[in-house]
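To find a chain, count down the sequence lines: A is the first, B the second, and so on, and within it residues start at 1.
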Number of protein chains: 2
Amino acid sequence: MLKYILLGFIWQKPSTGYELKQVLDNSTGYFWHAYHSQIYTTLRKLEQDGLITTHIKNGNDHLTRRICRITPTGQDELLEWLNDPLMETSKMKEDLLVRVFFSGVRSTPEVEAELRLQRKLHEQRLEEYLDLADQDDDALCSNPPEVPAAELGEFYQAAILQFGVAYEKMYLNWLDSLITELEKV
Amino acid sequence: MLKYILLGFIWQKPSTGYELKQVLDNSTGYFWHAYHSQIYTTLRKLEQDGLITTHIKNGNDHLTRRICRITPTGQDELLEWLNDPLMETSKMKEDLLVRVFFSGVRSTPEVEAELRLQRKLHEQRLEEYLDLADQDDDALCSNPPEVPAAELGEFYQAAILQFGVAYEKMYLNWLDSLITELEKV
DNA sequence: GTCTGCATGTAAACAGTTACATGATTGA
DNA sequence: TCAATCATGTAACTGTTTACATGCAGAC
């Protein structure tokens, strides 16, 4: 999966591993996290498979940057993957749900404290998403859409943000009602 | 993580690997999937670490079953894990979001078709959750709660189901509004 | 002088998936 | 006879995480 995310971003703009890590952390990273170690090893593999080419660029400073560019083969591979539709739902892995599921043996105040901490974290996450949405709105106002293809990409990316917002709101509502019910006990 | 799920279920009731697979598929499997291969290897590891004991039981039939029981060490390990609260949100991995994110290069009808398929799958999933919730309601009516500890466990498990329902409703709403907006284009 | 950011990687360990493998019973 | 269910496992592979490793520049 990370393979396709990297191809997608490199196609949009030739990038270094470091840049890919940054861009991931502020966009797809919210629903597909990756450590820099995995990014660099995946990039090496993409290069070996001929899906990207890389070349080292020494700037006027001491730093060595390795810029990755997508090859036509890489573009084909990404398009092929996109055109092969998902036939199942993806498998959710939610640590908190597992913990709550087996929390019958725990003391209620401890569970409550954990839920409140999660509430705080999800509230922060919601704020981040809303900030990102505001930035997008500003960008759309100052740069009126010109290229239709790029516009469609932005439309999808905005839709993803809306998912994030809806998800966090749902999560907060669920935590709130669970906390309220626990307080009654 | 699977380690703790298995310990949790074995504590509730000594079970075989096969039974654990069944029970997982119809409860925690919705938010923490595992293949039988992983279940069996994890059980062997739990045994080696002294967290469970197993003994082979030959029934009146040809079948060989290996029943797993939790040890006091295993109980301690699970309690310790539960009492160490989660300090971050868990990392979401949603294949569909990645695909939509990079769908600017795809033809709109193809994206729409994929979204409609996902809509169907999530609708089915919601139905499954609602059926499970109905079963729970029935069970609560016919078996009035007697043991408070067990009752608390059921309360948490019902809360998890409510999460599942809220999640699928949110997902369906998001898919619907995305499909509607795509149709306008 | 120590911490943060830039920038790159490798190695080892752990988790998860797919495929292989066996063998009896029951129902269509 | 063919497929499904019960019941167990191993092997190989892929993906993910944690830890190790380096080194300069600029701020405090």
Practice prompt. Return the stems involving DNA chain D, sorted by first number, where pairs are Watson-Crick (N1-N3 with N6-O4 or O6-N4) or G-U wobble (N1-O2 and O6-N3), both under 3.5 Å, and runs are 3 or more long.
Written response: C:1-28 with D:1-28
How many whole angstroms separate atom [atom1] of [X] from atom [atom2] of [N]?
X	N	atom1	atom2	result
B:Glu19	D:dA7	CD	C1'	11 Å
B:Leu6	C:dA15	CG	P	12 Å
B:Ile39	C:dA15	CD1	P	15 Å
A:Leu24	D:dT16	CG	P	12 Å
A:Leu20	C:dA7	CG	P	12 Å
B:Lys57	D:dA7	NZ	C1'	16 Å
B:Lys21	D:dG9	NZ	P	15 Å
B:Leu43	D:dT10	CG	P	11 Å

Please confirm whether the ring centroid of [X] lies under 6.0 Å from the ring centroid of [Y].
X	Y	answer
A:Tyr35	A:His33	yes
B:Tyr171	A:Tyr167	no
A:Phe9	B:Phe101	yes

Worksheet item: Between the side chains of A:Tyr129 and A:Gln162, does any donor sit under 3.5 Å from an acceptor?
Response: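 Side chains of A:Tyr129 and A:Gln162: no pair found under 3.5 Å.
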Discussion item. Regarding A:Arg66 and A:Thr54, do their side chains bring together a donor and an acceptor under 3.5 Å, going by distance alone?
Written reply: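 A:Thr54 and A:Arg66 do have a side-chain donor-acceptor pair below 3.5 Å.
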Worksheet item: So which nucleotide from C:dG9, D:dA7, C:dC6 ends up closest to the side chain of A:Tyr18?
Response: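 The listed nucleotide nearest to A:Tyr18's side chain is C:dC6.
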Item to complete: State, with a plain yes or no, whether a side-chain heavy atom of B:Asp95 is found less than 4.5 Å away from one of A:Thr89.
Response: no
Discussion item. Connecting only ILVMFWY residues whose side-chain heavy atoms lie within less than 4.5 Å of each other, what is the rest of B:Leu117's hydrophobic cluster?
Written reply: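 When side chains under 4.5 Å apart are linked, the cluster holding B:Leu117 also contains A:Met87, B:Leu121.
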Worksheet item: Would you say a side-chain N or O of A:Arg44 is under 4.0 Å from OP1 or OP2 of C:dG9?
Response: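 The answer is yes; a side-chain N or O of A:Arg44 sits under 4.0 Å from OP1 or OP2.
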Contacts under 3.5 Å, N or O only, protein and nucleotides 16-19 of chain C:
| unit_1 | atom_1 | unit_2 | atom_2 | d |
| --- | --- | --- | --- | --- |
| C:dG16 | OP1 | A:Lys93 | NZ | 3.4 |
| C:dG16 | OP2 | B:Gln38 | NE2 | 2.7 |
| C:dT18 | OP2 | B:Tyr35 | OH | 2.7 |
| C:dT18 | O4 | B:Ser37 | OG | 2.7 |

Worksheet entry | Salt-bridge contact B:Arg106-B:Glu114 (side-chain N to carboxylate O under 4.0 Å) | yes
Worksheet item: Does NZ or CZ of A:Arg99 come closer than 6.0 Å to the centre of the six-membered ring of B:Trp81, within 45° of the ring's axis?
Response: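 Yes.
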